[in-house]
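Take a look at the structure set out below.
Naming convention: chains lettered A, B, ... in sequence-line order (proteins, then strands); numbering from 1 in each chain.
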There are 2 protein chains.
Amino acid sequence: MAPEAAAEEASRLPIDSILVGDCIDHMNALPAGSVDLVFADPPYNLQLEQGLTRPDQSKVDAVDDEWDKFDSFAHYDKFTRAWLKAARRVLKPDGALWVIGSYHNIFRVGAALQDLDYWMLNDVIWRKANPMPNFRGTRFTNAHETLIWAAKSQKSRVTFNYEAMKLANDDTQMRSDWLFPICTGTERLKNDDDEKVHPTQKPEALLFRILNATTKPGDVVLDPFFGTGTTGAVARKLGRHFIGIEREDSYINAALKRIAAIRPGVFEALQSVTPKRKEVRIPFGSLIEQGLIEPGAQLFDLNKRYSAMVRADGSLVSGSHQGSIHKVGALVQGAEACNGWTFWHHEQSGRPTPIDNLRIGIRAKLELMSA
Amino acid sequence: MAPEAAAEEASRLPIDSILVGDCIDHMNALPAGSVDLVFADPPYNLQLEQGLTRPDQSKVDAVDDEWDKFDSFAHYDKFTRAWLKAARRVLKPDGALWVIGSYHNIFRVGAALQDLDYWMLNDVIWRKANPMPNFRGTRFTNAHETLIWAAKSQKSRVTFNYEAMKLANDDTQMRSDWLFPICTGTERLKNDDDEKVHPTQKPEALLFRILNATTKPGDVVLDPFFGTGTTGAVARKLGRHFIGIEREDSYINAALKRIAAIRPGVFEALQSVTPKRKEVRIPFGSLIEQGLIEPGAQLFDLNKRYSAMVRADGSLVSGSHQGSIHKVGALVQGAEACNGWTFWHHEQSGRPTPIDNLRIGIRAKLELMSA
DNA sequence: TTGGCAACTGAATCGAAGT
DNA sequence: CACTTCGATTCAGTTGCCA
């Protein structure tokens, strides 16, 4: 999309604000295909029948809010499918959605997602460093919650900042199980009576990872169950836009105050690690143009089982096979595909060296020149 | 159930054997309410559309067996509900079920469970120490699988060896996230051509924890998707009985060979830590009868905020309150309930000591006498 | 200021047996 | 079935008070 078109579209959206009322109504009033990401923390439908006391006889302050009450699974399913459908309409074609839940509701949400033609990408486990124990000793400590990351459709090419996640995880791929503490301490919003404003406020670290992993700076993130605005707060810190929808005044007031106090992130600090596929494309032919490889040079694989000759136009020849470095690499092996850059080697300082090293050298030079 | 009745019932069951054929048919032929636990590792309905290749172009040996193919979610749901329903009929009233799955199928299985009036107890995450990386770099490494532990009904009083789990976890409650390596090495069954016999063989450690946590020695465990018999192998090691159902001859042959090679566990080694609630009941009055506490003695709480006098009949008096140690403990605190054994203390060697220590001493003596 | 201790808290489908 | 009685059961972390 051209920058002007993007700016115009954003102007039609209630960017960086909270819509007051029912999330389904509000989503249906937004323009279709206008949002990059949805993050949703819907009611979990906990079916708590009696109070719970700790071993010292004190009472557990449970979630007993009206918004978490549903008559039956059928009612909960109906509600779930309605908001998921509305969210899907608002999403851009390459948009994606995150939902969080517990075993009470997440299986129903997941099945509904699939039925509505969302395409599941991962389920992710939030492992709680400090969960509430099981006081009665009757089950395993409920020490995690489940998130689902799903694309709008199977065809969606969603944003995934793979390199940034890998970097954040000590240079190994980010896994599907994440460890975070629950939201406590100064981060937990309290009212004037020192009571928690929201019973289930999520930690910012969780949203931080989600937005860092699956949005770009400037993206629009919609949260239909905004609560006290963790999504909005993190979006602002990370230079993303948010749209919040919330019914309860007490939550909205807390969220507005919270978000207003945040200094938005500095643009330079928000750039992700450059994904490899966004790096400048260096065609094999340019290596010849620049005299790094001479026409007629012999290339071979690491084990010297196969060899090929370089032609002036950047093509390779090996026996009866000819074509690009990738195609000929595949043909000589009888493989379906081949990365010619890492497969083919040339002699350099007496050692077989992948031709990709030449490409890496050119990229480094280009960066120096543009800096 | 009386031992003879249990023995007779077991004789009607195809104990410690593998039934060949469709699991739904076989389950429907078993007597209703006859099985203590079901463990199920159903087809995951993986939606792999094309072969997956590693960066070096080698092919990933993925699950592409016929038994994992379903035309649509509707077909998969129908199949799921059918076997879950059949399993529920076979379960004893206090029986429970475990299912394992991935994000492809577990949400459908979980929703079906709830619709069929199973009662969910925990979802448990198997975190894989060594998962397969995401070769394409397009998602988070899929590093876990999800298990659901559910009772036959909300009323079921299922087996949970809380103390054994706590012991196994360095004396803190076992959490809902479990870390195990995937099944590799000598544990992984290979055929004569050194190919893996089953594409998704589960590690024995996983079943070990499940059976240790939620069955008693002698219990009958049914596995409707027996595969190469991990459930049977572990059941035999732990002195539990198994019933396996499987269609594929190659799996059955491997399972039979595997299980035959196992020496069943020794009975003494299989006993779990004794849960406190199964210990001999010692009434408070017996402490007075045995002269460990004299009538007229003063008891007090740890902080000496409350005190009470012991009467000869085993009742306590504190101001206008009188009754059992539990009742008076609750009344003086204004609490709804109180464990008098740990609340009330007496002076012993100049220190406030809970009266529960006296009970512990009596229990120890009784054990010595009966040994 | 710091250290030690007591008090408090978090999305929880949280008991079993007898009358 | 409802109701009563007996009595079993908590982890990691934060806050606040007091020495």
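Within residues 194-210 of chain A, the residues approaching DNA chain C are A:Lys196, A:Pro199, A:Thr200, A:Lys202, by heavy-atom distance under 4.0 Å. For the contact set between residues 317-330 of chain B and DNA chain D, defined by any heavy atom under 4.0 Å, the members are B:His326.
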Let me have the donor-acceptor pairs involving side chains of residues 243-251 of chain A, under 3.5 Å, with sequence neighbours excluded, atom names and distances please.
{"unit_1": "A:Glu246", "atom_1": "OE1", "unit_2": "A:Gly227", "atom_2": "N", "d": "2.7"}
{"unit_1": "A:Glu246", "atom_1": "OE2", "unit_2": "A:Glu248", "atom_2": "N", "d": "3.0"}
{"unit_1": "A:Tyr251", "atom_1": "OH", "unit_2": "A:Trp67", "atom_2": "NE1", "d": "3.0"}

Compile the donor-acceptor pairs under 3.5 Å between side chains in residues 40-47 of chain A and protein atoms, sequence neighbours left out, one pair per line.
{"unit_1": "A:Asp41", "atom_1": "OD2", "unit_2": "A:Lys202", "atom_2": "NZ", "d": "3.1"}
{"unit_1": "A:Tyr44", "atom_1": "OH", "unit_2": "A:Glu145", "atom_2": "OE1", "d": "2.5"}
{"unit_1": "A:Gln47", "atom_1": "NE2", "unit_2": "A:Asn45", "atom_2": "O", "d": "3.2"}

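Remark: B:Arg108 engages A:Asp115 in a salt bridge, criterion side-chain N to carboxylate O under 4.0 Å.
Taking the C1' atom of each, D:dT15 and C:dA11 are spaced 23 Å apart, rounded to whole Å. Across C:dG10 and D:dA8, the matching P atoms stand 28 Å from one another, rounded to whole Å. Nucleotides C:dC14 and D:dA12 are separated by 23 Å at their P atoms, to the nearest Å. Comparing D:dA19 with C:dT1, their C1' atoms are spaced 12 Å from each other, to the whole Å. When the P atom is compared between C:dA12 and D:dG7, the two are found 29 Å apart, to the nearest whole Å.
Among the heavy atoms of the strands lying under 4.0 Å from B:Asn339 is at least one base atom, whether or not backbone atoms are also near. Here A:Pro131 lies in heavy-atom contact (under 4.0 Å) with a base. A:Asn45 comes within contact range of no nucleotide atom at all, as no heavy-atom separation falls under 4.0 Å. Residue contacts for A:Thr141: at a heavy-atom cut-off of 4.0 Å it reaches no nucleic acid atom on any strand shown. Base contact: A:Ala62 has a heavy atom under 4.0 Å from a base atom. If you check every strand for non-hydrogen atoms under 4.0 Å, B:Asp123 touches nothing.
In this structure, the CD atom of A:Gln57 is 13 Å from the C1' atom of D:dT10, given to the nearest Å. What separates CZ of B:Arg175 from P of D:dC11 is a distance of 12 Å, to the nearest Å. One atom, NZ of A:Lys59, and another, C1' of C:dG10, lie 18 Å apart when rounded to the nearest Å. Taking atom CZ of B:Phe343 as the reference point, atom C1' of D:dC6 lies 17 Å away to the nearest angstrom. When the C1' atom of C:dA11 is taken as reference, atom OH of A:Tyr251 falls 12 Å away, rounded to whole Å. Note: CG (A:Leu52) to P (C:dT9) measures 14 Å, nearest angstrom. In this structure, B:Lys155 atom NZ and D:dC1 atom C1' are separated by 11 Å, rounded to whole Å. Between the CD atom of A:Gln47 and the C1' atom of C:dA11 there is a distance of 13 Å, given to the nearest Å.
The residue among B:Cys338 and A:Asp56 whose nearest nucleotide of DNA chain D is located toward the 5' end is B:Cys338. Toward the 5′ end of DNA chain D lies the nearest nucleotide of A:Pro133, the other residue of the pair A:Lys190 and A:Pro133 mapping further downstream.
B:Thr353 and B:His345 are not linked by any side-chain donor-acceptor pair at a separation below 3.5 angstrom, with hydrogens and angles left out of the test. Judged by distance alone, the side chains of A:Tyr76 and A:Asn105 do bring a donor and an acceptor atom under 3.5 Å apart. At a cut-off of 3.5 Å, with distance as the only test, no side-chain donor of A:Thr141 or B:Arg175 sits close to an acceptor on the other residue. B:Arg311 and B:Gln322 are linked by a side-chain donor-acceptor pair at a separation below 3.5 angstrom, with hydrogens and angles left out of the test.
At the phosphate of C:dT9, neither OP1 nor OP2 sits under 4.0 Å from any side-chain N or O atom of A:Arg188. Look at A:Arg136 and you'll find a side-chain N or O under 4.0 angstrom from OP1 or OP2 of C:dG15. Remark: A:Gln50 is in phosphate contact with C:dG15, judged by side-chain N or O atoms under 4.0 Å from OP1 or OP2. Applying the 4.0 Å criterion to OP1 and OP2 of D:dT10, one finds that B:Lys166 has a side-chain N or O inside that range. Applying the 4.0 Å criterion to OP1 and OP2 of D:dA8, one finds that B:Arg359 has a side-chain N or O inside that range. The side chain of B:Tyr162 contributes no N or O atom lying less than 4.0 Å from OP1 or OP2 of C:dG15.
Out of D:dT9, D:dT10, D:dG7, the shortest distance to the side chain of B:Glu163 is found at D:dT9.
Judged as a side-chain hydrogen bond (donor to acceptor under 3.5 Å, both in side chains), and not counting sequence neighbours, B:Glu294 has no contacts.
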| request: Could you please spell out the steps behind the ring-ring contact (aromatic ring centres under 6.0 Å, His included) verdict for A:Trp149 and A:Trp98? | output: CA-CA 5 Å; A:Trp149 176 38; A:Trp98 285 87; 5.7 Å; yes
| task | For ring-ring contact (aromatic ring centres under 6.0 Å, His included), just list the numbers for A:Trp83 and A:Phe225, CA-CA rounded to whole Å, side-chain angles, deciding distance to a tenth of an Å, and then say yes or no. | result | CA-CA 10 Å; A:Trp83 75 257; A:Phe225 306 98; 5.2 Å; yes
| request: Apply the test ring-ring contact (aromatic ring centres under 6.0 Å, His included) to residues B:Phe300 and B:Tyr306: give CA-CA distance (whole Å), side-chain angles for both, the deciding distance (0.1 Å), then the verdict. | output: CA-CA 6 Å; B:Phe300 41 87; B:Tyr306 312 106; over 10 Å; no
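Taking the centre and axis of the six-membered ring of A:Trp178, the NZ or CZ atom of A:Arg209 falls inside the cone set by 45° and 6.0 Å. The cationic atom of B:Arg88 (NZ for Lys, CZ for Arg) lies less than 6.0 Å from the six-membered ring centre of B:Tyr118 and within 45° of the ring axis.
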| message | Give the dot-bracket line for DNA chain C from 5' end to 3' end: parentheses for intra-strand Watson-Crick or G-U pairs under 3.5 Å, square brackets for crossings, | for inter-strand pairing, dots for unpaired. | response | .|||||||||....|||||
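The aromatic rings of A:Phe226 and A:Phe242 sit parallel to each other, their planes meeting at less than 30°, with 60° as the upper class boundary.
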